[in-house]
Amino acid sequence: MRSNISLFTGLILIAFLVTLAILAPVIATHDPATTSAEKWLQPPSSEHFFGTDRLGRDIFSRVLYGARVSLSVGMLSTFVSLGIGTLLGLLASYYGGLVDVIIMRFADVVLVFPSMLLAITLVSIFEPALWLVILVIAGTGWPSIARLVRSEVLRLRQSDFVASARLLGAKNRRVVWRHLLPNAIGPVLVAATLCVPAAVMTEASLSYLGLGVQPPTPTWGNMLRDAQLYLRFAWWYAFFPGFFVFITVFAFHLTGEGLRQALGLSQTARRGWRAGS
Amino acid sequence: MLEVKNLQVGFEEAGKITWAVKNSSFSVSAGEILGIVGESGSGKSMTAMAIMGLWPADAIVRGQLYFQGRKIDFAQHKAWQELRGVMMGMVFQDPTSTLNPLYPVGQTVAEALCYHKKIPLEEAKRKALKLFTSLGILPAATRAQQYPHQLSGGLKQRVALAAAICCKPSLLIADEPTTALDVTVQAQILNLLTAYVREENSALLLISHDLGVIAQTADRVLVMCRGVIVEEAPVIKLFKHPLHPYTQLLMNSLPRLDRNVLHNIEKNGTAASSVGCVFAGRCQYCREFCLLEEPALKTITENRKVCCHFPLTKGRSS
Amino acid sequence: MGNLLEVKNIVYTYGRIAAVDGVSLALGDSDSLGLVGESGSGKSTLGRCIAGLLTPQRGRILYQGKLINGRLHKEIQLVFQDSFAALNPRMKVEALVEEGLIIHKTADKEKRRRQVREMLQTVGVDPALLSRFPHQLSGGQRQRVALARTLILNPRLIILDEPVSSLDVTTGMRLLSLLQDLKVKHNLVYIFISHDLAVVRQICSRVAVMYAGKIVEIGDVEAVFARPVHFYTKLLLDAHPIPDPEQRKKINIRGEAADLLSPPSGCRFHPRCPAADQRCRRIPPPFVEVTDNHRVACHKAISS
Amino acid sequence: MKSALVRRFLQTVIVLFGVSVVTFLVMHAAPGHPLQANPELRLDPTAIERWLQLRQLDQPLIFQYLAWLSRVFRGDFGESLLYNRPVLELMGERLPSTLLLTLSAFALAMFLAVAVGIKIATQQNSWLDRLVCTISLAGISVPNFWLGMVLVLLFAYRFPILPAVGMRTPGDGSILDILQHMLLPLLVMVAGNFARYVRYVRSAVLDVMQQDYVKAARARGLGENEILYRHVLPNAAMPIITVAALSLPMLFTGAMVAEYVFAWPGLGRFIITSTMARDYPVIMTVNLYTASLVAIANFIADVLYLLIDPRLR
């Protein structure tokens, strides 16, 4: 019952945020880039719901456009790490032996770098850009997916129902598509759902440090970076973008949590980390 | 020794309570082995858990329990805590999961002794070793140092038994103690259980789905079906002449070494009924009345009780 | 009478443990063999080798005279002990039973649906359960679905790995009775793996007793149960509780099952055998025929 | 036991080797010349010259790697381009203030998480359990730099009772002053870590409490305290050790973003400012140092597992 409530609330919130992002041009009350010298740092009002920033831009509209960046970074990087992770996890578990050792040790090596540190290192070497942020986040996210896929496949391959299908004469393709994948998808789905909030958070942190998506593209992270200097005078400047980061991350965590409970997976068992060792 | 009156154990789901144990009353005296037999879902384990005060958190438990003349309140967990381990002991089905994997098995037993008897650890360890020797966990000193995963199922069950009886409880409950074990080990464990009862004059509640085990071990038997005690009788009388059709069905269904019994099996399916006799849907002698009216457990002769409108007679014509 | 199945001296090891250590047996066209023994005796491993799920490291398995080591054969099927683990939790009853037909492309959709329904009727499962998932079925129903799944391919030899041990007695006996009917109707041969001698008694014509990876006695059920020769068989029969309180037995059982990491020398049963002597400790006993079709691996059987 | 230990050790060595290769390759991919092209960075020209020389760009890659590795083994991690001083020296100077913050944050968060986690696990689905679960879910969802800003807004600007940034007031260096400065960053770090830890403690304890051996211990009449401390907690320790081990490196690198927000003069902030300045020798050293710490922490966790659980030996 409770799990359904968190799943439901999470999904509603996500749908709401996605709608905001997609319909940003329709909902936005102002152009997010239009500056106005006389209207800088105005508190929230009926004209500017979330107030204005140091250049007189409408924070409400900028937050809406920022949702586009945050959500696309979150989802795209999750897709990429899901793709790489699933592929490498399958390869490792399918071929075993040396292939397995090489892939899994490489995953180990990537995993020992704290993802934030790896992200800022990579971004500092190249020029910061949106695609780079996505790739960097995906590059630090795939190993846990790969570990998870590998251990799920290894576990399921030992199961009686796969043996039973083989006895009936099922070939590899059928075993993989009808038996392994449908049963492995639950834990992987949960892991993917929890990848998104991590990516959103990393993007926000990078942009906040000035290493992520660069101005003038409005993102929640670089809005917070701007806001820091005006914290004393304009609470709304920092409050709203940060609040949206929080709500977005919270929504995905809620969904992941609900999904995990609905699928009956335990929290400690979920960890891809050190699942294989 | 132990008297259970109107015990009910139920679970609430969506505002409706389903009863796993319905209004059961029975007693067991010192030196007696009371067997409880029934299929899965008959409520026999739940009965044991209720007596031990170990029911799941979401269960609803009602009724009265008298232990050595003293009434135990279901609401008072504290009272139970003083009884468990000292006055009541329990052996579970799967010895692999009931021993803590992180401790040497000797320590598990010594810990219980230490806790209840308030004796120093060294003395408790010595006592545990003695107990191991008497239960055939040999060589005791070596075995005591080993961890559960290093022992066979039979030895683990002996350790579990040692931990349950180390303080010489006057009531021992064994819930399917041999189901997870091989037949040769089963015989050994049943021997140990019987020996304990005879030596300490304590009571044993032996729960099993296996009529063979019951026949070989119990003095008196309760037959349970879907939460209801349908028959109660001394073991010899029960096997010679079952009164309840369910008891008869169980006996006929039992695979036997000395003959082929497959031809006895009636093939009608099972249907559940919410009113009337719990066994009506599967009973080959079921009459219309059985579907409408719930029978009560009534005394037939001394020591014999049956919960059936039309109990079996020797020739089978009611 | 030609042999349907012949197993010649096969060995299967997991790491350092030889679970099956040199087993030979032959199965006639209409025999049903019970394979009994305690846990760890290697009976399930032997069953999986014959089904082709495991490839024995040594020895040969012949089906109708053809070598099938480590290969699956459509006519040899296996029913698993745990029906819950053996049915894909994400497939419905219909898809589960239909799978074999789809794999072998034996019929079109319409015909397959009909066949599935017929098969469910045969094993006594209400067709109303077609769209249920395994976890929505009772234990007996699951085991019947598992049976239907294999039967739909028209197998000849079915290996039943403890099919009733997790079921209630009444459910188990009804399943046994169904198995008995199917055997006759579909001309099936069973290898029935069980730790329960009494269950084997109901359904098999022959029985093989395994101890520590080896067969110690094999023969017709009636003969072996009435006049067991090997001391291990005697022990198993003795330890089996008789459901009659007036025949209470007091049996003394020594020792523990053999440790397969360092199996005892000579006869593997000698540490627990009441009659063991020097020879039993040193020399593994040969397999000898005591009467027709009744063979035993015991030194004492020869001398007496 | 020994063989398992040796295997884990070898695995750790392999991972450490991989870490060095990856670090080296990443730095090798770093462009050398934008360093000079970017006057904003104000790097020391002589230091850049030395850095480029040290990289021996004319040599084959493998030689460059070996040369670098041998310097690393001799403890020579190069000099900062920004400060023109040895990297290790710079890091060493910043370690104490980081440790002060991170150690107290870790200890406080872990202590609270274990206490609260056990408490709510023993009363699953009570109002307290639900409350803590919801709060912790929110806790892991709050960006810590934003939480920092909100706290500064509240406690430094709206109600000016605490300093907003830094570690000590200039001219003052008393313990009380440092503690006052520490309070807000500490709060931010404890909030995030507590939320993460408490969820693990709760689910680990819950998992164990459902085990049969806990029920059996109860049937033996042991008191709830004995059951909790002797049977539940030792078995629940493994997942908790894992989280603790994964937090260990944080102790030595500092919480980067949190230190940056509060201008705490520790390693974390140093890492970020050096990265933004493209101080390559520092970045390289920091990566190597941090990743090695994680690998070693994992090894320590593995050893602890072996000590606790006889089944793994």
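First the proteins, then the strands, lettered A, B, ... as listed; each starts at 1.
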*Could you walk me through whether Phe246(A) and Leu147(D) pass side-chain contact (heavy atoms from CB on, under 4.5 Å), step by step?*
CA-CA 10 Å; Phe246(A) 166 65; Leu147(D) 183 64; over 6 Å; no
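Of the residues considered (Val123(A), Ile120(A), Leu231(A), Val200(A)), Leu231(A) shows the highest number of contacts with chain D, using heavy-atom pairs under 4.5 Å. For the options Ala138(D), Ala156(D), Ala295(D), heavy-atom pairs under 4.5 Å to chain A are most numerous at Ala138(D). The most heavy-atom pairs under 4.5 Å with chain A, out of Ile140(D), Leu206(D), Thr23(D), come from Ile140(D). Counting heavy-atom pairs closer than 4.5 Å to chain D, the top residue among Val245(A), Leu118(A), Leu209(A) is Leu209(A).
Checked against Val112(A) for a side chain to side chain contact (heavy atoms under 4.5 Å, CB included), the options Leu293(D), Ile296(D), Val15(D), Thr290(D) give a single hit: Val15(D). Tested against Trp146(D) for a ring-ring contact (aromatic ring centres under 6.0 Å, His included), the candidates Tyr208(A), Phe240(A), Phe239(A) yield a single pass: Phe239(A).
Leu137(D) touches chain A through backbone and side chain together, each having a heavy atom under 4.5 Å away. Contact of Val261(D) with chain A is made through backbone and side chain together, with heavy-atom distances under 4.5 Å. At a 4.5 Å heavy-atom cutoff, Leu16(D) makes no contact with chain A through either its backbone or its side chain. Only the side chain of Leu211(A) comes within less than 4.5 Å of a heavy atom of chain D; its backbone N, CA, C and O stay farther away. Neither the backbone nor the side chain of Phe252(A) comes within contact range of chain D; no heavy atom of the residue lies under 4.5 Å from a heavy atom of that chain. In this structure, chain D has a heavy atom under 4.5 Å from the side chain of Leu122(A), while its backbone stays farther away. Looking at Val22(D), only its side chain comes within 4.5 Å of chain A, counting heavy atoms on both sides.
Rounding to the nearest 0.5 Å gives a distance of 11.0 Å between CH2 of Trp235(A) and CG of Leu154(D). The CZ atom of Arg199(D) lies 7.5 Å from the NE2 atom of His253(A); values are rounded to the nearest 0.5 Å.
Applying the 6.0 Å contact sphere to CZ of Phe17(D) captures no more than 12 heavy atoms from other residues, nucleotides or ligands.
In plain terms, the two heavy atoms of Val257(D) and Met116(A) that are nearest each other are CG2-CE, 4.3 Å. Closest heavy-atom contact between Met201(A) and Ser141(D): CE-O, 3.7 Å. Phe113(A) and Val19(D) get closest at one heavy-atom pair: CZ-CG1, 3.8 Å. The two residues Pro143(D) and Gly242(A) make their nearest non-hydrogen contact at CG-O, 4.3 Å.
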